[in-house]
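Accompanying notes for the structure given below.
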Amino acid sequence: MAGGWSRDGAVQDQIDASVEDAVELARSRLPRGEGLRHCEECDIAIPQARRKAIPGVRLCVNCQSELDVQQADFNSYNRRGSKDSQLR
Ligand SMILES: [Zn+2]
């Protein structure tokens, strides 16, 4: 009885740990503080609706989507890198 319970508990600990990692990762990517009225990159006015929707927004839609593409490239580069190191 007790053994079964502790196995379940260990699995739950692993799940909790990975959820915590994910939350921490998401938090570190979130902008902090108040949003900007003008885009950090191109200085265009950021609509109030966008600033309300995204707390701490720093970029206009155009610059944000460009950044997203860059980050997607960066992430896929990282994945390739870690795959290579596993093969060695
Ligand atoms: Zn911009």
Side-chain angles (χ1 to χ4, degrees):
M1 282 190 290
W5 186 86
S6 77
R7 268 206 304 278
D8 288 350
V11 170
Q12 188 58 47
D13 281 351
Q14 285 179 354
I15 293 169
D16 285 349
S18 53
V19 167
E20 260 173 43
D21 285 353
V23 168
E24 202 149 309
L25 191 67
R27 265 199 204 131
S28 69
R29 285 178 180 174
L30 280 178
R32 286 156 201 273
E34 210 171 316
L36 300 179
R37 288 172 182 275
H38 294 87
C39 173
E40 203 171 50
E41 283 294 317
C42 67
D43 214 31
I44 203 173
I46 299 175
Q48 196 179 2
R50 177 167 168 77
R51 291 196 286 122
K52 262 192 177 178
I54 311 169
V57 66
R58 308 188 74 81
L59 299 171
C60 71
V61 177
N62 284 340
C63 293
Q64 184 65 62
S65 60
E66 266 182 42
L67 190 72
D68 286 347
V69 170
Q70 283 172 14
Q71 285 184 343
D73 284 352
F74 183 72
N75 286 342
S76 64
Y77 176 81
N78 272 355
R79 271 203 294 278
R80 277 202 301 275
S82 61
K83 202 176 178 186
D84 283 346
S85 59
Q86 276 174 3
L87 289 173
R88 262 171 220 143

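Residue indices begin at 1 and follow the sequence shown.
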In short, side-chain hydrogen bond (donor to acceptor under 3.5 Å, both in side chains) pairs touching residues 40-49 with sequence neighbours left out are E40-R58
query = CG of L67: more than 12 outside heavy atoms within 6.0 angstrom?
reply = yes
Across all chains, not counting sequence neighbours, the side chain to side chain contact (heavy atoms under 4.5 Å, CB included) partners of R50 are I46, P47, I54, V57, V61, Q64
Modelled atom types, side-chain donor and acceptor of Q12 and D16, under 3.5 Å: yes
Between C42 and C60 the two heavy atoms that sit nearest each other are SG-SG, 3.7 Å
